[in-house]
Amino acid sequence: MACMKLGSKTDAFKRQGQAWFCTTGLPSDIVVEVGEMSFHLHKFPLLSRSGVMERLIAEASEEGEEKCSICLPDIPGGAKTFELVAKFCYGVKLELTASNVGEGNLITKTETFLNQVVLRNWKDSLRALQTCDDIISYDDELNVTKRCIESLAMKASTDPNLSGWPIMEYGGPMQSPGGSVLWNGISTGARVKNTSSDWWYEDASTLSFPRYKRLIAVMESRGIRQEIIAGSLTFYAKKYLPGLNRCQGATDTNSSTCVAPVALEAPPSEEDQKLLLEEIDRLLPIQKGLVPTNFLFGLLQTALILRVSPSYISNFEKRIGMQLDQATLEDLLIPNFSCSMETLYNVDCVQQILEHFLAMDQITGGASPSLVDDGQITASPSLTPVTLVAKLIDGYLAEVASDVNLKLPKFQALAASVPDYARHLDDGLYRAVDIYLKSHPWLSESEKEQLCQLMDCQKLSLEACTHAAQNERLPLRIVVQILFFEQLQLRTSITGCLLVSDNLDGSRQSGLAGPTERGWASTREKIRTRVSELEKECSNMKQEIERLGRVKSFTWGNVSKRFGFKLKSRMCSAQEGSISNQNTESRKNEKLKDRQGQHKKNSTPKSR
């Protein structure tokens with residue numbers, strides 16, 4: 001630390017409790033009261049070195065008392081500052097450092113030392129700013145705090161190595177051909193350090209929040225990038241909000257900084273944490289992606305724990321909603337901190353975040369058209385933010401569906417909030433619905449049907465349809481719909497396979513058949529086997545329904561009419577055409593045989 005030595009005499013000051021005495025052998029003739037501390041001194045050294053003390057002593061001496069008393073309640077820095085003043089007046093050896101320098105403290109020498117030594121160095125500027133907390137009420141009158149902050153802001157933006165060497169505007173420190181730093185053309189032997197933009201985070205976090213806030217404001221005014229400011233705020237919040245580290249776990253994979261916050265000996269009070277959380281919300285940049293998503297979730301959870309104002313909770317939900325597509329399922333699993341503990345996780349909070357995301361998605365035009373055309377599922381394009389969020393919400397629904405305290409309307413509301421175009425397939429939603437039905441077996445039949453209406457049976461994959469067709473928890477009406485749409489998908493697949501097969505046959509006849517012919521034959525056989533299984537399932541369902549006879553009017557024919565399809569399976573139009581052609585050919589052969597027999601009969605000569 002930089003220092004400046006003053007005086008030559010040995011220290012003759014001794015402290016006894018709340019009083020300082022000068023042991024020069026002469027009795028004290030003046031008492032100076034500074035706060036709770038008393039200084040028993042002599043008039044002559046004080047008035048000979050300080051014009052202010054000369055005036056105060058003269059005013060006190062007019063009262064005619066042999067030993068005068070002076071009270072200095074408003075001296076900047078309090079008793080520590082006046083101790084330096086007294087030692088300076090007595091000529092005692094002392095050192096001016098970044099820790100005790102201040103405006104009004106030995107004005108001439110201090111001002112020179114401050115400008116020429118302290119403010120030219122990062123560490124000394126930081127230390128001087130830290131000690132300014134003792135004179136915080138004099139910020140408007142003194143310029144020490146302002147000058148220290150300006151010095152730190154300038155160095156943070158222009159001097160990442162804090163080496164003290166001159167910095168060139170674009171090329172960095174001047175270097176010799178060997179790579180060492182040059183000073184006035186002379187090699188110093190020092191090497192340039194490769195430091196990142198977060199080098200000053202830890203030092204800045206040692207400041208009290210009022211000082212830190214002013215430092216951030218000056219840095220922003222000097223044009224420091226917003227992501228760097230956001231990184232510093234993240235570091236500061238993690239250091240003074242212990243709940244953040246518990247919410248986020250031991251690691252922060254999304255954070256742009258690799259610097260870990262230093263643990264505090266004594267955490268701030270709950271009220272101080274509330275105030276800091278509110279200030280962090282005001283200072284954080286609004287732009288998407290500047291702040292890690294899991295850090296925002298940590299702020300939200302901390303806000304819920306500390307029960308801050310609902311407006312700040314809403315602000316954090318909006319921030320998360322702007323970049324919900326960057327979140328993970330673990331982020332969404334926010335514990336329920338309410339006293340009622342109705343559900344294990346805070347589903348209402350996730351609902352609000354989703355609504356903010358969808359509102360922003362509509363504004364930015366992120367909606368994509370439906371991928372289901374004429375009842376058929378088309379190929380999936382590249383994932384968009386809204387499709388990523390849909391997949392994320394379906395995973396969240398499957399996670400919370402096992403909570404027996406989760407009410408059906410709340411589950412339905414969250415599932416229905418995702419627009420239809422966002423889901424390429426409803427397999428994830430089907431999984432969540434199945435888990436909910438399994439965990440809530442007391443639901444009525446109408447409630448089950450109402451829940452299953454969240455799914456679009458046309459958007460279930462063949463694997464999901466196969467599972468659903470054998471799922472005893474699903475209502476019968478839903479199973480019938482799923483079987484119907486599964487048949488449609490299978491017929492479409494078979495038709496495609498047959499078309500490819502015909503093309504392969506044509507290629508084979510032309511001598512162009514490739515090695516994929518066996519693969520298509522195998523696929524075609526598998527699909528035909530599945531169609532045969534569906535026929536058996538439909539037949540068994542028909543027999544079971546007729547046997548139960550739940551409603552007289554409920555017959556298999558009525559089911560067919562109601563859903564607008566015939567449950568009698570047909571393999572495919574190509575198979576029907578093949579069978580028809582075989583029957584026609586058979587009839588032709590029979591007719592030909594009849595004609596040939598008649599011809600033989602007519603051509604045989606009659607016996608006489």
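Here F13 contributes atom CZ and L41 contributes atom CG; the two are 5.5 Å apart, rounded to the nearest 0.5 Å. Within the model, atoms CD of Q287 and CE of M322 stand 8.0 Å from one another, a figure rounded to the nearest 0.5 Å.
Counted within 6.0 Å of CZ on R55, heavy atoms from surrounding residues, nucleotides or ligands total more than 12; the atom is thus considered enclosed. Within a 6.0 Å sphere centred on NZ of K288, other residues, nucleotides and ligands contribute more than 12 heavy atoms. Dense packing is recorded around CD of Q18, with more than 12 heavy atoms of other residues, nucleotides or ligands lying under 6.0 Å away. Residue K274 qualifies as enclosed at atom NZ: its count of foreign heavy atoms under 6.0 Å is above 12.
S417 and E355 share no side-chain donor-acceptor pair at under 3.5 Å. A donor and an acceptor atom, one from each side chain of T343 and D403, are nowhere located under 3.5 Å apart. In summary, the side chains of D331 and N294 do not present any donor paired with an acceptor at a separation below 3.5 Å, with no hydrogens or angles considered. Side chains of S232 and Y212: a donor on one and an acceptor on the other come within 3.5 Å.
In this view, S309 and S311 satisfy the side-chain hydrogen bond (donor to acceptor under 3.5 Å, both in side chains) rule, not counting sequence neighbours. Listed by chain and residue number, nothing satisfies the side-chain hydrogen bond (donor to acceptor under 3.5 Å, both in side chains) test with H356 (two or more places apart in sequence, or in another chain).
The two residues A413 and Q351 make their nearest non-hydrogen contact at C-OE1, 3.6 Å. Residue R222 comes nearest to A153 through the heavy atom pair CD-CB, 3.6 Å, listed as atom of the first residue, atom of the second, then distance. Here the shortest heavy-atom pairing between C71 and P73 reads O-CD, 3.4 Å.
Classification of E279 and R282 as a salt-bridged pair holds, one side-chain N sitting under 4.0 Å from a carboxylate O.
The main-chain N or O of D272 is never found under 3.5 Å from a side-chain atom of Y240 such that the two would form a donor-acceptor pair. A donor-acceptor pair under 3.5 Å is absent between the side-chain atoms of D325 and the main chain of V389, judged by distance alone. In terms of modelled atom types and a separation under 3.5 Å, the side chain of D29 and the main chain of K43 share a donor-acceptor contact. For the pair R211 (side chain) and I149 (backbone), a donor-acceptor distance under 3.5 Å is absent. Without hydrogens or angle criteria, H42 side chain to L26 main chain gives a donor-acceptor distance under 3.5 Å. With hydrogens and angles ignored, the 3.5 Å screen pairs no side-chain donor or acceptor of E150 with any backbone N or O of V218. Between the side chain of E33 and the main chain of L72, no donor-acceptor pair closer than 3.5 Å is present. Between the side chain of Y396 and the backbone N or O of E330 there is no donor-acceptor pair closer than 3.5 Å. Within the 3.5 Å criterion, the main-chain N or O of P310 finds no donor-acceptor partner in the side chain of S314.
The side-chain heavy atoms of I393 and L414, taken from C-beta on, include a pair separated by under 4.5 Å. Here the side chains of F295 and L244 are in contact, with some heavy-atom distance below 4.5 Å. Looking at heavy atoms from C-beta onward, V418 lies in side-chain contact with L354 at the 4.5 angstrom threshold. Between S125 and L129 there is no side-chain heavy-atom pair separated by less than 4.5 Å. Residues L300 and I353 form a side-chain contact, since some pair of their non-hydrogen atoms from C-beta on lies under 4.5 Å apart. Residues T234 and I280 fail the side-chain proximity criterion, which asks for heavy atoms closer than 4.5 Å.
Screening residues 303-333 for ring-ring contact (aromatic ring centres under 6.0 Å, His included) gives no qualifying pairs among residues at least two apart or on separate chains.
A distance below 6.0 Å separates the ring centres of F39 and F82. Taking the six-membered ring where the residue is Trp, the centroids of F209 and Y236 are separated by under 6.0 Å.
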